[in-house]
Number of protein chains: 2
Amino acid sequence: MYKENNLSKNQQIIFDLINKSSEPLKAYTILFNVQKKGIKAPPQVYRALDKLVKTGKIHKIESKNAFVACRSSSCEISKATAFSICESCEMVDEISDAKLTKYLSSFSDKKGTKYKRFNLEFFGLCKKCK
Amino acid sequence: MYKENNLSKNQQIIFDLINKSSEPLKAYTILFNVQKKGIKAPPQVYRALDKLVKTGKIHKIESKNAFVACRSSSCEISKATAFSICESCEMVDEISDAKLTKYLSSFSDKKGTKYKRFNLEFFGLCKKCK
DNA sequence: TAAAATTTGTTATAATATAACATTATGTAA
DNA sequence: TTACATAATGTTATATTATAACAAATTTTA
Ligand SMILES: [Zn+2]
Ligand SMILES: [Zn+2]
Ligand SMILES: [Zn+2]
Ligand SMILES: [Zn+2]
């Protein structure tokens, strides 16, 4: 049962829910929505979320404590994530921009230190809200 | 009493604590440390933190739910924040890099949308931990 | 000095996340 | 196949982070 893809039962249920959602989902929203499928307690949700984040299938929007499915090819197992967040309607889009990714991935600070991962969150108004 | 600077009593107490700290402080760590000064309950801390964030005196490190004093001149009331975060020792430094700020402040996505604010968090190992 | 805006104090509770432990399922290799 | 290791699950309880709601005091503005 677990061989066809690399997700376990709970991971698949939770990924499917996040993946079909048009907006970021919070852990307890997820919990309420999967209780009918037998996932009853917070640790089951958080464990699946942790794994999905680790494998890059989803990302956490840190400023919202919410999760979205990865829609980008350039984030490469979550080493380089960028999002646009609407301050009015809460919409979140993953930004896939090769130049931006390259610029930030190769960024080094004044001491010459390079970083192995970054997360960038842009805030503003989306098209609908402008 | 509130005229000499623009901070109220609780705001000043909490700002002083964060400002002299070498690491990000969490709200309940702050609460514990200011109880001897008469700040006894979470809302008092969170209200001061909200105001300090709004006025740009401190920033929230979203990935850590913790707060640091602003050390940059280029973030201009928190429109453009960037941090380096050590994954080992939890150290956080605010990055002041005019080119980076300019690049991201003028960034527009594929649809031509510009954003009015961003927060960037870099992760890696600091000098001590390498 | 009166009105408005801000800050404070306080209690209770909501929302987010993890610890700890027992059990079951799955992958690997002798 | 059996034995072992690893990963996933189920469950209860609890820790951590954050806000609601309301009353009172302080400060600012006019
Ligand atoms: Zn992605
Ligand atoms: Zn919007
Ligand atoms: Zn700053
Ligand atoms: Zn370090």
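Residue numbers start from 1 in every chain, and the chains themselves are labelled A, B, ... in the order their sequence lines are given, proteins ahead of strands.
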Atom [atom1] of [X] to atom [atom2] of [N]: distance rounded to whole Å?
{"X": "B:Lys9", "N": "C:dT6", "atom1": "NZ", "atom2": "P", "result": "19 Å"}
{"X": "B:Phe32", "N": "D:dT17", "atom1": "CZ", "atom2": "P", "result": "14 Å"}
{"X": "B:Lys64", "N": "D:dT16", "atom1": "NZ", "atom2": "C1'", "result": "15 Å"}

Please report how far the helix from C:dT1-D:dA30 to C:dA30-D:dT1 bends, comparing the axis fitted to its first five pairs with the axis fitted to its last five, to the nearest 10 degrees.
50°

B:Tyr28 on top of D:dT17's base, within under 5.5 Å and under 30°?
yes

Residues from residues 39-53 of chain A lying under 4.0 Å of DNA chain C - heavy atoms
A:Pro42, A:Pro43, A:Tyr46, A:Arg47

Within the pair [X] and [N], is there a side-chain N or O less than 4.0 Å away from OP1 or OP2?
{"X": "B:Asn10", "N": "C:dT6", "value": "no"}
{"X": "B:Asn65", "N": "D:dA18", "value": "yes"}
{"X": "B:Lys54", "N": "C:dT6", "value": "no"}
{"X": "A:Ser8", "N": "D:dA7", "value": "no"}

Residues 32-47 of chain B vs side-chain hydrogen bond (donor to acceptor under 3.5 Å, both in side chains), sequence neighbours excluded, gives none

Does a donor on one side chain sit under 3.5 Å from an acceptor on the other, for B:Glu121 and B:Ser63?
yes

